Amino acid sequence: MDLPKHYDPQATEPRLYERWDKNGYFHEEPDPARPPFIICMPPPNVTARAHLGHGSTYLPMDVLTRYHRMLGENADWLPGVDHAAIATEAVLVRELAKERIAREDLGRERFVERAWAWSRTYGGEIEAQFRRLGFGPDWQRSRFTMDEGLSAAVRRVFVRLYREGLIYRGTRLINWDPKAKTTVSDAELEYVEQDGRLWRIRYPFEPGGAEGIEIATTRPETMLADVALAVHPEDARHAATIGRRVWIPPLLQRSIPIVADEAVDPDFGSGALKITPAHDPLDYEIGARHGLPTPSVIDLEARITGADVPVGPYAGLDRFEARERILADLQRGGFLTETQPHRHAVATSDRSGAVVEPLLSLQWFVKMAPLAKPALDAYRDGRVRFFPARHGRTYEHWLENIRDWNISRQIWWGHQLPVWYTPDGREVVAESAAEALDIAQRLHGTRELTRDPDTLDTWFSSGIWPFSILGWPEQTAELRCWYPSQVLLTGGEIIFLWVARMVMLGLHFLLDVPFSDVVITPTVFDAAGRKMSKSLGNVIDPMVLAERYGADAFRVSILRQMRLESQEIRYQESRCEEARNFNNKIWNATRYILALPEGLPAAMTLPSEGALTLADRWILTRLRETSVAMSELLNRYDFGVAAETIYRFVWYEFCDWYVEATKAEANRATRAAVLSFVWNNAMRLLHPLAPFITEEVWLALPHDGKTIVTATWPDPLEVPAFDDDARGFALLQRTVERVRNARAEIGLHPRERVALDVPANVPEPMAALLALLASAAVERGEAAGDDLDDALAAVTVRAPRGVLEERYRKQLAHLLAEIDRGERKLGNAAFVSKAASSVVAKEREKLDGYRSELARVEAALRASKEPA
RNA sequence: GGGCGGUUAGCUCAGUGGGAGAGCGCUUCCUUGACACGGAAGAGGUCACAUGUUCAAUCCAUGUACCGCCCACCA
């Protein structure tokens with residue numbers, strides 16, 4: 001066979017993926033006879049493109065699914081795409097703007113048509129990218145949140161929650177995104193630290209009077225809607241003012257009361273707070289406690305409106321423009337007493353980035369407290385577990401402090417509320433227009449209905465994802481076999497937005513948690529620990545990495561950096577290069593195996609135990625240990641250590657030691673069989689992590705079956721283990737290293753043989769390996785000591801006089817220091833009496849070892865100095 | 001303001017109550033029957049700081065400093 005010297009992933013990977021896909025290796029049918037292993041893919045936004053973050057979240061899902069498929073389980077990774085309401089709508093509005101068309105000009109129906117067309121065109125792109133990275137979900141089962149089946153599930157959930165009294169319509173303070181022109185939920189806010197200013201403003205007791213009370217604010221434009229000032233009830237400075245009235249500057253057209261409320265922090269500013277219930281959450285609560293009115297002065301365009309209260313010349317101004325004008329007018333009227341810099345967190349919409357305006361509005365909400373209780377219980381009694389466990393406290397804390405969820409959005413792309421209104425404003429909630437008409441006729445005696453134009457928050461449909469994609473509310477075989485799933489993997493930033501809501505809705509509608517394990521994966525940063533962003537120019541595109549180094553290399557590079565407890569990965573491209581080199585190493589070890597002159601056995605079998613050489617026994621023992629370790633590590637989601645474990649086995653044990661050992665004459669009889677066996681197993685252990693190269697190599701070796709994708713996971717019990725021989729080989733390795741070190745010291749050319757005295761009680765196979773691996777000319781001498789440790793320790797290098805002297809002196813110094821340390825330790829009565837006996841024994845053993853080594857090194861040093 | 005992580009070799013990071021580790025980078029040697037995307041040898045660290053617990057602390061506890069993440073209605 002004539003293989004090129006360098007592995008070529010660019011040619012191999014797409015070819016293999018196409019074969020897997022065409023043969024349906026990723027597809028599964030529900031099979032109650034086997035244990036299920038189901039992962040619901042967090043649906044990427046239809047607007048999304050692959051980024052490095054998908055490496056840390058989606059890649060582990062692929063690894064786990066492949067691993068459990070090899071274990072013979074009913075394993076399936078269920079993919080899909082999210083319609084991403086606000087994000088997609090924003091993209092479309094921007095595209096329309098290029099054609100100078102406003103959303104309203106197009107009309108709802110045609111706008112939604114375009115959204116569908118856009119989703120069909122671009123939605124497949126991330127799927128193609130995932131394929132390029134080797135991800136193998138069950139593509140035949142791919143779902144889109146706007147599909148008819150999933151939309152029907154959304155309507156069913158809405159109607160049922162409404163009829164159970166868990167969905168209601170009401171006027172509440174909501175977060176208004178003036179850019180996207182819609183409400184957003186609390187969980188979708190992002191608080192951005194900004195350098196702002198804090199203004200102190202005097203509210204006079206009488207219009208034109210010099211006396212008054214000072215407040216501090218960062219939002220002077222809202223003062224037009226003030227309904228009171230509030231002070232802390234126990235604040236002596238303001239006690240006398242409670243109950244008095246002040247006038248609102250600069251217009252001085254309205255006066256408002258001063259009230260006392262516990263929520264006011266007396267230590268902030270002047271200790272007095274202006275109350276604007278319609279434009280601030282805290283003010284809303286205080287206002288409610290005191291029965292204050294709730295006038296608005298900011299409209300949906302974020303402009304000042306005089307609809308509720310007089311706003312003078314500010315009417316129609318943008319909110320930030322109005323702020324400047326009001327400040328100027330306050331200054332002129334002598335009401336602005338102080339301006340100071342102030343750093344504070346501003347609520348922005350995490351989709352549009354716009355500063356969110358708290359507004360009073362009539363919207364739809366989900367009553368969360370009754371749903372949160374069972375979700376909390378499920379966590380507390382261990383039905384839902386987090387990895388790492390500390391993330392569970394985030395989940396718990398959010399559910400304990402849960403607030404009602406605003407679910408109505410004023411955009412067109414999404415699931416329209418299944419709500420209709422009669423001409424006199426009564427609500428009719430139904431799963432279809434026909435049913436709505438029926439109800440309207442029956443209950444309200446009318447067939448004249450108008451549908452609510454709003455759509456649902458995207459996360460409403462995401463919240464039912466684990467069962468809507470299984471066909472719920474139909475009782476499908478998928479739903480019976482595959483709900484609940486086994487594990488959810490996701491980033492920590494959507495524990496509230498998504499994880500908690502899936503648990504709540506899963507428990508409510510299917511009476512069971514949607515998954516038992518939640519694995520929170522780390523965020524990927526650049527090597528300097530900065531978030532990757534376009535503006536910083538530090539974004540690394542995984543598709544570029546896959547092109548440059550291969551998808552396997554990209555995968556291994558990410559996986560090796562994942563740590564169980566870590567919340568971040570600092571990614572550097574050199575890791576990818578390193579993994580590419582690793583793949584090349586695998587490739588070349590394979591070339592060596594395939595080029596053996598004796599050829600490979602037709603089937604994967606091992607020689608009889610008696611025929612196995614020392615090296616064979618060692619590598620088989622290590623294979624077995626590695627195989628046990630890999631299962632344990634993958635079972636507890638420790639991808640980083642798993643990747644590291646197989647990486648080290650392949651490179652440092654198999655390639656550097658075993659393959660070299662097979663070049664010895666004595667090892668030739670068994671090597672073809674053992675190399676094939678171990679390499680076949682190693683490829684299967686590595687396959688979930690690096691699917692492509694392992695398939696390519698596995699197919700070239702003796703193997704069973706058509707593809708490694710559905711091959712069985714190595715069973716450690718099928719690999720013989722020889723613990724004593726393995727230990728002996730490890731001792732031999734240390735001896736080889738010692739001799740190589742001396743060779744370097746002597747300055748021998750690698751091809752020159754070093755003369756080695758090997759005691760007679762070192763077994764012949766070891767002496768032969770020493771000769772090969774250390775490139776030595778072995779001369780057998782007298783037996784030394786009474787065990788293998790002693791015999792190997794007595795192996796000595798013959799060198800020209802004086803050459804090794806410095807080396808021996810260094811060793812001597814080190815040994816003397818160790819012996820001193822050990823003697824002082826063992827001379828310490830407290831240590832000998834209090835430390836564990838095994839620790840003391842080990843310390844004695846170490847000391848003895850150092851002493852006999854000291855004697856040998858002293859002798860060698862003498863020999864090196866004295867004339868021969 | 002509250003909670004949670006982190007601080008170990010030049011860089012990115014493992015790790016352990018009892019002899020400090022890996023990869024990259026660096027130095028030297030080497031194209032020996034697969035691999036220079038390779039092999040061998042080597043240099044390099046008061047394990048952030050302070051106090052405490054312990055026979056023994058890089059590891060445990062407390063505190064400090066710095067970095068980061070999440071939450072929160074100081075306007």
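Each chain gets a letter, A, B and so on, in the order its sequence line appears, and its residues count up from 1. What you see is a predicted model, and the numbers here were worked out from it, not measured in a lab.
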Aromatic ring pairing A/H342/A/F268, orientation class (parallel under 30°, perpendicular over 60°, tilted between): perpendicular
NE2 (A/H397) with more than 12 external heavy atoms under 6.0 Å: no
Strand contacts (RNA chain B) in residues 266-288 of chain A, 4.0 angstrom heavy-atom criterion: A/F268, A/L273, A/L282
Side chains of A/D186 and A/N175 in contact at under 4.5 Å (non-hydrogen atoms): yes
Gap separating the CG atom of A/L52 from the CG atom of A/D526, nearest 0.5 angstrom: 10.0 Å
Inter-nucleotide P distance (B/A22, B/G33), Å rounded: 30 Å
Touch class at under 4.0 angstrom, heavy-atom based, for A/V264 against every strand present: base
Among B/A14, B/A40, B/G19, the one nearest A/R563 by side-chain distance: B/A14
Residues that A/P233 engages under side-chain contact (heavy atoms from CB on, under 4.5 Å), provided they are two or more places apart: A/A260, A/E262
Geometric cation-pi criterion A/R323 and A/W199, 6.0 Å radius, 45° cone: no
Candidate nucleotides B/A34, B/A75, B/C29, ranked by approach to the side chain of A/T218 - the nearest: B/A75
Nearest-angstrom distance, C1' atom, B/U27 to B/U64: 40 Å
Sugar-phosphate, base or nothing in reach of A/R580, heavy atoms under 4.0 Å: base
Sugar-phosphate, base or nothing in reach of A/N828, heavy atoms under 4.0 Å: sugar-phosphate
Distance-only polar pair, side chains of A/T523 and A/K531, donor-acceptor under 3.5 Å: no
Phosphate OP1/OP2 of B/A72: any A/N401 side-chain N/O under 4.0 Å: no
Whether A/F496 and A/W398 hold their rings parallel, tilted or perpendicular, with breakpoints at 30° and 60°: parallel
Presence of A/H749 side-chain N/O under 4.0 Å of B/A40 phosphate oxygens OP1/OP2: no
Touch class at under 4.0 angstrom, heavy-atom based, for A/H391 against every strand present: nothing
Nearest-Å distance for atom pair CD1/P, residues A/I593 and B/A34: 13 Å
OP1 or OP2 of B/C35 under 4.0 Å from side-chain N/O of A/K585: no
Options B/A43, B/A41, B/A34, nucleotide nearest the side-chain atoms of A/N588: B/A34
Donor-acceptor pair present, A/H397 side chain and B/C71 base, under 3.5 Å: no
Sugar-phosphate, base or nothing in reach of A/N583, heavy atoms under 4.0 Å: nothing
Strand-adjacent residues in residues 552-559 of chain A, judged by heavy atoms under 4.0 Å from RNA chain B: none
5'-most by nearest nucleotide on RNA chain B - A/K810 or A/K834: A/K810
Listed nucleotide nearest any side-chain atom of A/P750, set B/A43, B/C29, B/C55: B/C29
Whole-Å P distance, B/A50 and B/C59: 12 Å
C1'-based separation of B/C24 from B/G38 [nearest Å]: 16 Å
Touch class at under 4.0 angstrom, heavy-atom based, for A/A829 against every strand present: nothing
Point-to-point distance, once rounded to the nearest 0.5 Å, from CZ of A/F692 to CG of A/D552: 6.5 Å
Touch class at under 4.0 angstrom, heavy-atom based, for A/Y549 against every strand present: nothing
Gap in Å between the two P atoms, one belonging to B/U28 and one to B/A65, rounded: 46 Å
B/S/- contact track for nucleotides 3-10 of chain B, protein heavy atom under 4.0 Å: -SS-----
Closest non-hydrogen atom pair, A/K663 against A/R671: CA-NH1, 4.2 Å
Sort me out a list of protein N/O and nucleotides 20-28 of chain B N/O pairs below 3.5 Å, or just none if empty.
residue : atom : partner : partner atom : Å
B/A22   : O2'  : A/R648  : NH1          : 3.3
B/G23   : O2'  : A/E578  : OE1          : 2.6
B/G23   : O2'  : A/E578  : OE2          : 2.8

Side-chain N,O (A/R570) to OP1/OP2 (B/C13) below 4.0 Å: yes
Residue A/K810 excluded, over 12 heavy atoms near NZ under 6.0 Å: no
Gap between atom CE of A/M368 and atom CG of A/N401 - 0.5 Å precision: 13.0 Å
Sugar-phosphate only, base, or nothing, as touched by A/V659 at under 4.0 Å among non-hydrogen atoms: base
A/Y592 and A/T662 side chains, donor-acceptor separation under 3.5 Å: yes
Whole-angstrom distance between B/A56 and B/G44, as gauged at atom C1': 28 Å
Exercise: identify the closest heavy-atom pair between A/H238 and A/A272: NE2-N, 4.3 Å
A/H814 NE2 to B/G19 P, straight-line distance once rounded to whole Å: 11 Å
A/R740 side chain, from C-beta outward: closest of B/A40, B/C73, B/G18: B/A40
RNA chain B stem ranges, 3 or more consecutive Watson-Crick or G-U pairs under 3.5 angstrom: B:1-7 with B:65-71, B:10-13 with B:21-24, B:26-30 with B:38-42, B:48-52 with B:60-64
More than 12 heavy atoms of other groups within 6.0 Å of A/E806 CD: no
Between B/C49 and B/U7 - C1' atom distance, rounded Å: 11 Å
P-based separation of B/U8 from B/A14 [nearest Å]: 10 Å
Minimum-distance nucleotide (side-chain atoms of A/E568 versus B/G18, B/G68, B/A72): B/G68
No-hydrogen, no-angle side-chain donor-acceptor test under 3.5 Å, A/R580 and A/N583: no
Parallel, tilted or perpendicular: rings of A/W679 and A/F654 (30°, 60°): parallel
Out of B/U31, B/C35, B/A72, whichever nucleotide has its closest atom nearest the side chain of A/E660: B/C35
salt_bridge(A/K842, A/E845) N-O dist < 4.0 Å: no
Side-chain donor/acceptor of A/K5 to base of B/A36, under 3.5 Å: no
A/E737 atom CD: more than 12 heavy-atom contacts under 6.0 Å: yes
Touch class at under 4.0 angstrom, heavy-atom based, for A/R403 against every strand present: sugar-phosphate
Sugar-phosphate only, base, or nothing, as touched by A/H342 at under 4.0 Å among non-hydrogen atoms: sugar-phosphate
Ring geometry between A/F582 and A/W651 (parallel below 30°, tilted from 30 to 60°, perpendicular above 60°): parallel
First of A/A744 and A/Y592 reached from the 5' end of RNA chain B, by closest nucleotide: A/Y592
